[in-house]
Amino acid sequence: MANKQTYEFNKNLKDLTVVDLKAKIQEDQLRLKKLEFAHAISPLENPMNIRGLRRDIARLKTELKKKEMGI
């Protein structure tokens, strides 16, 4: 199931522009900070969300780098 979601996420990244990617990265980094802060105060119900969000940010940054390089 997770592979299908990852595939769809990656497929949708191809359609985003550089500006959209930068905005999404900033938005997700803010969400990550909030999640990590909430987890520090009291344990999250599902801490795997933090890992997933970190990986999504990495995917976004990779796609941004590809577009900036013209690949």
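- I71 belongs to a hydrophobic cluster with M69, counting contacts under 4.5 Å between side-chain heavy atoms of Ile, Leu, Val, Met, Phe, Trp and Tyr, direct or through other members.
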Kindly list each side-chain donor-acceptor pair under 3.5 angstrom involving residues 34-54, sequence neighbours excluded, with atom names and distances?
from : atom 1 : to  : atom 2 : distance (Å)
H39  : ND1    : L44 : N      : 3.1
N46  : OD1    : M48 : N      : 3.3
N49  : ND2    : N46 : O      : 3.4

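- A search for salt bridge (Lys or Arg N to Asp or Glu O under 4.0 Å) contacts involving K14 returns E63, not counting sequence neighbours.
- L64 and I57 fall into different hydrophobic clusters, defined by Ile, Leu, Val, Met, Phe, Trp and Tyr side-chain heavy atoms under 4.5 Å apart, directly or through other members.
- Enclosure of atom NZ in K61 is not indicated, since only 12 or fewer non-hydrogen atoms of other residues, nucleotides or ligands lie within 6.0 angstrom.
- By the salt bridge (Lys or Arg N to Asp or Glu O under 4.0 Å) test, R59 is found to be paired with D56, residues two or more places apart in sequence or in another chain being considered.
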What side-chain donor-acceptor pairs closer than 3.5 Å can you find for residues 16-28, not counting sequence neighbours?
from : atom 1 : to  : atom 2 : distance (Å)
T17  : OG1    : D20 : N      : 3.2
T17  : OG1    : D20 : OD2    : 3.1
D28  : OD1    : R31 : NH1    : 3.2

